[in-house]
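Along the sequence shown, residues are numbered consecutively beginning with 1. Quick note: numbers below take in every heavy atom, side chains included, and nothing from hydrogens, waters or symmetry partners.
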Amino acid sequence: MGSVQPAQIPTSFGHELRACLRCRLVKTYDQFRESGCENCPFFKMEEDFDRVADCTTPNFNGIISVTDPTRSWAAKWLRLGRFVPGVYTLAVSEVLSEDLRNLCEDEQVQYVPPKRV
């Protein structure tokens, strides 16, 4: 894996779990508030707590732990191959707001909306 720093692992697996709407990284609300999203630092969730609610959702399906995204066929199939090692959801059921989609475009990062909304 080289020098890639993995994302925080959720400290709880209860109702406080949330998934990033762009990369689908799963952490607790408090973890997103404290350190943001390791794959999406431009959202600056740790600086603006309202952004945690705007950029994440508690509505997601399934969880997968990815230890080496570049070598995992499942990570590639789920389009997680370029993200940091961590815990991800299989699917989110919400889309990013237009403002946040524009931010992704400004940052030149790809956003793929969920297939079923």
Tell me if a side-chain donor or acceptor on [X] pairs with a main-chain N or O of [Y] at a distance below 3.5 Å.
{"X": "S93", "Y": "N59", "result": "yes"}
{"X": "T89", "Y": "G62", "result": "yes"}
{"X": "N61", "Y": "L90", "result": "no"}
{"X": "R24", "Y": "L78", "result": "yes"}
{"X": "S72", "Y": "D68", "result": "no"}
{"X": "R101", "Y": "L96", "result": "yes"}
{"X": "R51", "Y": "K44", "result": "no"}
{"X": "K76", "Y": "R71", "result": "no"}

Exercise. Give a yes or no on whether E105 atom CD has more than 12 heavy-atom contacts from other residues, nucleotides or ligands under 6.0 Å away.
Key: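 No - once you tally the heavy atoms of other residues, nucleotides and ligands closer than 6.0 Å, there are 12 at most.
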Quiz item: V109, V112: one ILVMFWY side-chain cluster at the under-4.5 Å cut-off?
Solution: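 V109 and V112: separate clusters.
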For the [atom1] atom of [X] and the [atom2] atom of [Y], what is their distance to the nearest 0.5 Å?
{"X": "E16", "Y": "F32", "atom1": "CD", "atom2": "CZ", "value": "12.5 Å"}
{"X": "F43", "Y": "D54", "atom1": "CZ", "atom2": "CG", "value": "10.0 Å"}
{"X": "C20", "Y": "E38", "atom1": "SG", "atom2": "CD", "value": "10.0 Å"}
{"X": "L17", "Y": "Q31", "atom1": "CG", "atom2": "CD", "value": "8.5 Å"}
{"X": "L100", "Y": "L21", "atom1": "CG", "atom2": "CG", "value": "8.5 Å"}
{"X": "Y88", "Y": "N39", "atom1": "OH", "atom2": "CG", "value": "4.0 Å"}

Quiz item: What pairs with D30 under salt bridge (charged side-chain N to carboxylate O under 4.0 Å, His left out), at least two apart in sequence or on another chain?
Solution: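 Scan of D30 (salt bridge (charged side-chain N to carboxylate O under 4.0 Å, His left out), adjacent residues dropped) gives R33.
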Exercise. Taking side-chain hydrogen bond (donor to acceptor under 3.5 Å, both in side chains) as the test, write out the residues that go with Q110, two or more places apart.
Key: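 side-chain hydrogen bond (donor to acceptor under 3.5 Å, both in side chains) check on Q110 returns R82.
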Closest heavy-atom contact between [X] and [Y]?
{"X": "V92", "Y": "A19", "value": "CG1-CB, 4.0 Å"}
{"X": "F60", "Y": "I63", "value": "CE1-CG1, 4.1 Å"}
{"X": "E46", "Y": "G36", "value": "OE1-CA, 3.3 Å"}
{"X": "Q8", "Y": "S35", "value": "OE1-OG, 2.8 Å"}

Within the 4.5 Å heavy-atom criterion, are [X] and [Y] side-chain neighbours or not?
{"X": "F83", "Y": "R22", "answer": "yes"}
{"X": "S65", "Y": "V87", "answer": "yes"}
{"X": "C55", "Y": "C37", "answer": "no"}

